[in-house]
Structure formats: structure tokens, C-alpha cells
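Note: hydrogens, waters and symmetry copies are ignored here, and every other heavy atom, side chains too, is used. Residue numbering restarts at 1 for every chain, and letters A, B, ... go by the order of the sequence lines.
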Number of protein chains: 2
Amino acid sequence: MAKEGTSRSLGTSEVTVVDAGDCRDPFQWDLREDCEVRQILDRIADKWSLLVIALLEDRMMRFNELRREVDGISQRMLTVTLRHLERDGLVCRTVYAEVPPRVEYCLSPLGKTLLGTIQSLVDWTEEHQSEIAGARAEFDARQGAARVPASG
Amino acid sequence: MAKEGTSRSLGTSEVTVVDAGDCRDPFQWDLREDCEVRQILDRIADKWSLLVIALLEDRMMRFNELRREVDGISQRMLTVTLRHLERDGLVCRTVYAEVPPRVEYCLSPLGKTLLGTIQSLVDWTEEHQSEIAGARAEFDARQGAARVPASG
DNA sequence: CAGTATCCTTGCTGATACTG
DNA sequence: CAGTATCAGCAAGGATACTG
């Protein structure tokens, strides 16, 4: 993965460390892009990460097994996603020196705690789903009306 | 992640609506990309949305005021972000017909509920921040060792 | 001040080919 | 089976110029 390799900065070292004394305000954190929060958020908001985490909740799974379940994902992206998750210590990768090769992935304890956290996010979403849908519809209606006033 | 462009269905109508009855399982939802959850998640995980929401927590702010606070953001992206947030009914936009023009943004009640939710996410992050950093460092160390074995 | 429109770069993502 | 490497496509983000 040459492209990904380019962005060594992903989490390597340039990250600006802020002293805790500065973090008393509830939302001071996200004023900086480099903040950890952004890193994590990017991961869970990743196109596939969430899927994989969710799938791994119940059981440990093999590479192609995950591939089949997620289905839409390409081999490359599954690898990338898994690597990211592994790097963050969210999933564990176990390689069995067998023939044929077998690699199993499972959620780490840390990953499991994240599971609960994202669930609260999901709860919020499901709870306000219709409100948002309504707001969107209304907004689109207004936009449509504003943009096509003389159509009729 | 589910880019809006990927599925033009975002606001239009192609969005597959899943009935709540289908979403009982804690993580059944995220098996479909089109799920509402993904939409919302994409928004709050947006590069800037979170920033704006956080800034708007305390007070209502004007366009350039937000621009200054976020700083890294371009004018275009602030507009786009604000529009998205407005469309989702998360922020309110108030235009004052004055000279010079004045537009103020504030969090909607719905937006405020989201505030609490993302906070839990932040809490998790801050709580496990060091674990992740450690995992990353360890991972990178292993990778580095594997890739540069004969350098010394 | 608060946008809108346009061009350009970046980087994610997927398809393909190859390896152990 | 489980990857790795490379290339091509496209959308998102950023810079710039212009407007009300």
C-alpha cells in the first residue's frame, strides 16, 4: 500500500500533545484536528471499521469470512481496515502457521468497550432518526422551492 | 465511508428506508451502508461538523466568528458544513437583514441532544487515549522492526 | 460580512495482478 | 486462504475569484 504508506503522519508522531490542564472545558478537545478524538472518530466513522467491529462483536472471524459478511468491501479495504483497527489495539490478529493459511480476527477488550460506546451513538441516531429525516425533507423542500420558483 | 456522492440517494429519495422492526439487533443496523446510522455518523464524524457543534454549544456565533475559531477551515467548508448541519436540523441559521449582513448560527434542541452523545464518545476516547497511543506505538515498532531488520 | 462558483490537489476506494 | 503491490476513478477538501 504505497499510498497509505505516504501518510505516515496518520498517527505517528506529529500529533500535538496537549496538557490536561487545557482540557477542562468539555469541548476544548476538538478544537484541534490532531486531537485524539478526531483520530478515533475517523476510525469509527470509517466506511468499514464499524461494520467489522460490529461483526466481531459476537465471534472471532477469519479474513474471508469477514469479506463475505461485509460483502461490499474489497479485499484491499478489508486489509486496510483490519490493519487500522489492529494498530489502534481494537482488534487482535491471530495467525496460524497452517496449510492452508488461517488468520483469525477478534475484538480486543478495548475494542469491546468501544462497542458499548458506539452503541450509545446508535441509540441516539435511532431515537432521532425521524426528526432528522423530517428536517432534511423540510430543508430540501425549501431549497427546491427556492431554486425552482418559476418552473410552474 | 459512505460518501454522499456514492449514493446520490442521500437527500433525494433512493435511500432505503428500513423499518424499525428490522433494527432490533444491537448491530444489525450497520450491515447496510444506506442505514440512517451511517448518514448521521458521517455527519458527526465529518472533519469539521464536530468542531462547529462544539463551538455552538455555549453560544450562538456568526459565520466569520466560527471561521476564526476553527481557523483551519476554509470558507467553503464552513459553509458546506453549516449547510449540512442545518439540513439535518442540528443547527439553526438566522439571517438579519442588516447592513452589513449578519448571520448567526446556533444549536437546535436536537443538536443539543447530540452534544451529550458525542460527549460520551469523547469520554471514551479520553479514557482510552493512552491505551490506543500505546497500541499504536507498539504496532509501529513491530512494523518498523519488520521492515528494517538489516538496517543496523 | 457572508456567501457562491470554479479550478485543482489530495487521498480514499476499488479493480487487478501477483505471492507465500 | 490471506494477503501485498500497483494503478485508475472519483469525491471531498482547499484556494481563489467574484457577488449582494
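- Checked against side-chain contact (heavy atoms from CB on, under 4.5 Å), A:N64 has the following partners two or more places apart in sequence or in another chain: A:R67, A:R68.
- Atom CG of residue A:L51 and atom CE of residue A:M77 lie 11.5 Å apart, to the nearest 0.5 angstrom.
- Taking atom CG of residue B:L78 and atom P of nucleotide C:dG3, one finds them 8 Å apart after rounding to whole Å.
- Between A:L55 and A:M61, the closest heavy-atom pair is O-SD, 3.8 Å.
- No donor-acceptor pair under 3.5 Å is formed between the side chain of A:S49 and the backbone N or O of A:I44.
- In this structure, B:D42 atom CG and D:dA11 atom C1' are separated by 13 Å, rounded to whole Å.
- For A:R83, whose side chain is taken as the heavy atoms from C-beta onward, the closest listed nucleotide among D:dA2, C:dG3, D:dT4 is D:dT4.
- Note that the CZ atom of A:R38 and the CG atom of A:L41 stand 5.5 Å from one another [nearest 0.5 Å].
- Taking only side-chain atoms of B:R76, from C-beta outward, the nucleotide of D:dG14, C:dT13, C:dG3 with the closest atom is D:dG14.
- In the set D:dC1, C:dG3, D:dG3, the nucleotide with an atom closest to the side chain of A:T79 is D:dG3.
- Looking at the side chain of A:D46, the nearest of the listed nucleotides D:dT4, D:dA2, C:dT13 is C:dT13.
- Here C:dC1 presents its C1' atom at 10 Å from CZ of B:R68, a figure rounded to the nearest Å.
- For B:M77, the listed nucleotide lying nearest its side chain is D:dG14; candidates were C:dA2, D:dG3, D:dG14.
- Ranking D:dG14, C:dG3, C:dA2 by closeness to the B:W48 side chain, first place goes to D:dG14.
- Look at B:E65 and B:R59 and you find a salt bridge, because one of the NZ, NE, NH1 or NH2 atoms lies within 4.0 Å of a carboxylate O, short of that distance.
- Between B:Y105 and C:dG3 there is a side-chain polar atom (N or O) within less than 4.0 angstrom of OP1 or OP2.
- In this structure, the NZ atom of A:K47 is 14 Å from the C1' atom of D:dA12, given to the nearest Å.
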Please tabulate, one pair per line, all N/O donor-acceptor pairs under 3.5 Å involving side-chain atoms of residues 97-116 of chain A, not counting sequence neighbours.
{"unit_1": "A:E98", "atom_1": "OE1", "unit_2": "A:R102", "atom_2": "NE", "d": "3.2"}
{"unit_1": "A:E98", "atom_1": "OE2", "unit_2": "A:R102", "atom_2": "NH2", "d": "3.1"}
{"unit_1": "A:R102", "atom_1": "NH1", "unit_2": "A:E104", "atom_2": "OE2", "d": "3.1"}
{"unit_1": "A:E104", "atom_1": "OE1", "unit_2": "A:Y96", "atom_2": "OH", "d": "3.2"}
{"unit_1": "A:Y105", "atom_1": "OH", "unit_2": "A:R93", "atom_2": "NE", "d": "3.2"}
{"unit_1": "A:S108", "atom_1": "OG", "unit_2": "A:G89", "atom_2": "O", "d": "2.6"}
{"unit_1": "A:S108", "atom_1": "OG", "unit_2": "A:L90", "atom_2": "O", "d": "3.0"}
{"unit_1": "A:S108", "atom_1": "OG", "unit_2": "A:L110", "atom_2": "N", "d": "3.4"}
{"unit_1": "A:S108", "atom_1": "OG", "unit_2": "A:G111", "atom_2": "N", "d": "3.0"}
{"unit_1": "A:T113", "atom_1": "OG1", "unit_2": "A:L110", "atom_2": "O", "d": "2.6"}
{"unit_1": "A:T113", "atom_1": "OG1", "unit_2": "B:W124", "atom_2": "NE1", "d": "2.8"}

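- Between the CG atom of B:D71 and the C1' atom of D:dG14 there is a distance of 14 Å, rounded to whole Å.
- Nearest nucleotide to the side chain of A:S74, out of C:dA15, D:dC1, C:dA2: C:dA15.
- For A:M60 and D:dA2, the CE to P distance is 12 Å, given to the nearest whole Å.
- Judged by distance alone, with hydrogens and angles left aside, the side-chain atoms of B:E131 form no donor-acceptor pair with the main-chain N or O of B:H128 at under 3.5 Å.
- For the pair B:R62 CZ and C:dG3 C1', the computed distance is 13 Å after rounding to whole Å.
- The nucleotide whose nearest atom lies closest to any side-chain atom of A:Q75 is, among C:dT4, D:dG13, D:dA2, D:dA2.
- From one end of the helix from C:dC1-D:dG20 to C:dG20-D:dC1 to the other, with five pairs defining each end axis, the axis direction shifts by 40° (rounded to 10°).
- Nearest nucleotide to the B:N64 side chain, out of D:dG14, D:dA2, C:dC1: C:dC1.
- As rounded to whole Å, 14 Å separates atom C1' of C:dT13 from atom CZ of A:R67.
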